[in-house]
Amino acid sequence: MTGSVVAGLVSTIIPVYNRADLLREAVASVLAQTYRPIEVVIVDDGSTDETSTVADALAKASHEIDVVHQRNAGPGPAREAGRQAARGEFIQYLDSDDLLLPDKFKLQVAGLRAEPECGVAYGKTRYRHADGRVEADPWKGSGFRIETMFPSFLKSRWWDTPTPLYRASLCEASGPWSDLRLEEDWEYDCRIAALGVRLFFCEAYVAEVRDHEQGRLCYGDALDPVRLAQRKRAHELIYGHAVRAGIDPAVPEMRHFARELFLLARQCGAAGLARESRELFHLAKAASGSKRAAHLDFKLYSLAAGALGWTLLGRIACAADRFRK
């Protein structure tokens with residue numbers, strides 16, 4: 001973050017790549033906020049269509065909007081470029097395909113003002129399908145009051161990108177976004193979680209996540225080697241954040257994450273990523289704790305990998321997983 005922080009200002013960072021129409025709608029949802037002061041930082045991540053022109057036109061039409069243009073680098077570096085340009089006391093990340101509801105900033109800033117020990121405010125999020133249907137219940141875990149991000153974030157990232165509002169000082173303390181192109185948001189939030197931040201919960205809907213025909217980066221083949229390599233890096237980093245936070249292997253959420261590491265190890269093997277499979281297997285053992293790591297399943301898998309190789313064993317194990325389902 002560069003320059004001095006403007007007290008009370010909420011900075012919304014919107015990375016965008018080839019989504020001109022959706023960008024207009026996302027920006028409109030920020031400008032419709034009942035709270036002021038605000039600023040919008042659009043980061044055009046090397047768009048090849050009319051998106052960059054649309055972004056510049058939006059900035060020209062409003063003094064509350066700025067645009068950063070850069071070569072395509074992915075969502076993490078794009079958000080980081082926006083964060084460096086932001087001046088606000090509070091940071092809102094918003095994907096170009098999602099929307100903020102009008103009272104989001106008013107409610108969440110008030111909550112953080114009322115409870116200064118909290119570093120992040122969140123509220124209920126609704127999910128809209130591509131056909132317009134809206135889920136009846138809050139999306140993911142955004143409808144529940146949860147005091148801290150860890151250890152629950154080891155089971156899942158139970159909110160979506162538009163849900164939380166962060167104190168800028170917390171984002172600064174957590175460090176820059178990674179260059180991951182998958183699960184970069186989960187890794188970022190786990191890095192923030194490791195700081196021991198407390199959460200403020202708003203009993204209201206504050207954002208909308210939208211499915212659409214243009215797709216999302218998180219969609220794809222589960223056994224795509226490129227995707228798996230990205231997920232492996234993300235999981236390694238997340239485990240490191242959990243260790244720094246002092247989460248014990250006996251905690252149920254850490255046990256869940258250890259099982260996920262083991263599953264990812266099998267998937268990497270099936271996709272031909274032998275080294276990644278081996279490293280994730282040993283990480284799963286570490287996350288499980290010494291007592292659990294001594295169990296027969298880990299010993300047998302290690303022996304089988306020595307005999308069959310990590311790739312063949314991964315294919316056999318994934319086939320067995322599908323059969324059990």
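- Taking the centre and axis of the six-membered ring of Trp177, the NZ or CZ atom of Arg79 falls inside the cone set by 45° and 6.0 Å.
- Not one N or O on the side chain of Glu253 forms a donor-acceptor pair closer than 3.5 Å with the backbone of Ile247.
- Residues Thr53 and Asp56 bring no donor and acceptor atom of their side chains to less than 3.5 Å of each other.
- Of the possible donor and acceptor atoms, one in the side chain of Gln92 sits under 3.5 Å from a partner among the backbone N and O of Pro162.
- Around atom NZ of Lys155, no more than 12 heavy atoms belonging to other residues, nucleotides or ligands sit under 6.0 Å away.
- Formation of a donor-acceptor pair under 3.5 Å by the Arg19 side chain with backbone atoms of Asp95 is not found in this model.
- Donor-acceptor pairing under 3.5 Å is lacking for the side chains of Ser52 and Ser47.
- No side-chain donor-acceptor contact under 3.5 Å links Ser96 to the backbone of Leu23.
- Side-chain heavy-atom separations under 4.5 angstrom define the hydrophobic clusters, and the remaining members of the one that includes Leu296 are Leu300.
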*Begin with the C-alpha distance, continue with both residues' side-chain angles, and end with the deciding distance and a verdict on ring pair (Phe, Tyr, Trp, His ring centres under 6.0 Å) for Phe90 and Tyr166.*
CA-CA 6 Å; Phe90 306 99; Tyr166 307 85; over 10 Å; no
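- In this structure, the side chain of Lys291 does not engage the main chain of Ala250 through any donor-acceptor pair within 3.5 Å.
- Identified under the ring-ring contact (aromatic ring centres under 6.0 Å, His included) test for residues 31-85, with sequence neighbours left out: none.
- When atom types are taken as modelled, the side chain of Arg191 and the backbone of Ser174 share a donor-acceptor pair closer than 3.5 angstrom.
- When atom types are taken as modelled, the side chain of Ser29 and the backbone of Leu100 share a donor-acceptor pair closer than 3.5 angstrom.
- For the residue pair Asp103 / Tyr205, no side-chain donor-acceptor distance below 3.5 Å is found, with atom types taken as modelled.
- Between Asp221 and Arg227 there is no salt bridge, since no side-chain N of the basic residue sits under 4.0 Å from a carboxylate O of the acidic one.
- For the residue pair Trp159 and Thr125, no side-chain donor N or O sits within less than 3.5 Å of a side-chain acceptor on the partner.
- Taking 4.0 Å as the cut-off between side-chain N and carboxylate O, Arg128 and Asp211 do not count as a salt-bridged pair.
- Within the 4.5 Å cutoff, no side-chain heavy atoms of Gln230 are placed close to those of Glu184.
- Defined by atom type and a distance below 3.5 Å, a donor-acceptor pair is missing between the side-chain atoms of Asp44 and Thr51.
- Using a 4.0 Å cut-off between a side-chain N of Lys or Arg and a carboxylate O of Asp or Glu, Arg126 and Glu135 do not qualify as a salt bridge.
- Side-chain atoms of Arg36 come within 3.5 Å of backbone N or O of Gln33 as a donor-acceptor pair.
- With hydrogens and angles left out, the side-chain atoms of Tyr188 and Tyr93 include a donor and acceptor closer than 3.5 Å.
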*Between Phe200 and Tyr122, is a ring pair (Phe, Tyr, Trp, His ring centres under 6.0 Å) present by the stated rule, with each step listed?*
CA-CA 6 Å; Phe200 176 84; Tyr122 75 100; 8.6 Å; no
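- The residues Arg233 and Glu187 are annotated as not salt-bridged, no charged nitrogen and carboxylate oxygen being separated by less than 4.0 angstrom.
- Annotation: side chain of Phe257 is not in contact with side chain of Arg259 (no heavy-atom distance under 4.5 Å).
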*Take Ser152 and Trp158 through the side chain to side chain donor-acceptor pair (under 3.5 Å) test and state the conclusion after the steps.*
CA-CA 8 Å; Ser152 62; Trp158 46 262; 2.8 Å; yes
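- Taking the six-membered ring for Trp and thresholds of 30 and 60 degrees, His235 and Trp186 have ring planes more than 60 degrees apart, a perpendicular arrangement.
- Remark: Arg292 engages Asp297 in a salt bridge, criterion side-chain N to carboxylate O under 4.0 Å.
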*Could you give me the CA-CA distance, side-chain angles and deciding distance for Tyr239 and His241, then say whether ring pair (Phe, Tyr, Trp, His ring centres under 6.0 Å) is met?*
CA-CA 5 Å; Tyr239 176 65; His241 304 327; over 10 Å; no
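- The backbone N or O of Asp45 lies less than 3.5 Å from a partner atom in the side chain of Asn72, making a donor-acceptor pair.
- In this structure, Glu183 does not pair ionically with Lys232, as no charged nitrogen and carboxylate oxygen lie closer than 4.0 Å.
- Proximity of Arg157 to Asp185: side-chain heavy atoms (C-beta onward) are separated by under 4.5 Å at one or more points.
- Between Val16 and Val43, the closest side-chain pair of non-hydrogen atoms is not below 4.5 Å.
- Under the 4.5 Å side-chain criterion, counting only non-hydrogen atoms from C-beta, Ile38 is in contact with Phe105.
- Cation-pi geometry between Arg266 and Phe262 is satisfied (NZ or CZ under 6.0 Å from the ring centre, within 45° of the ring normal).
- The closest side-chain donor-acceptor pair between Ser11 and Glu39 falls under 3.5 angstrom.
- In this structure, the side chain of Thr163 engages the main chain of Asp160 through a donor-acceptor pair within 3.5 Å.
- Counting heavy atoms from C-beta on, the side chains of Leu165 and Val109 come closer than 4.5 Å.
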_Steps toward side chain to side chain donor-acceptor pair (under 3.5 Å) verdict (Asn18, Thr48)_ = CA-CA 6 Å; Asn18 289 359; Thr48 58; 3.1 Å; yes
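- The pair Arg210-Glu25 counts as a salt bridge, with a side-chain nitrogen and a carboxylate oxygen less than 4.0 angstrom apart.
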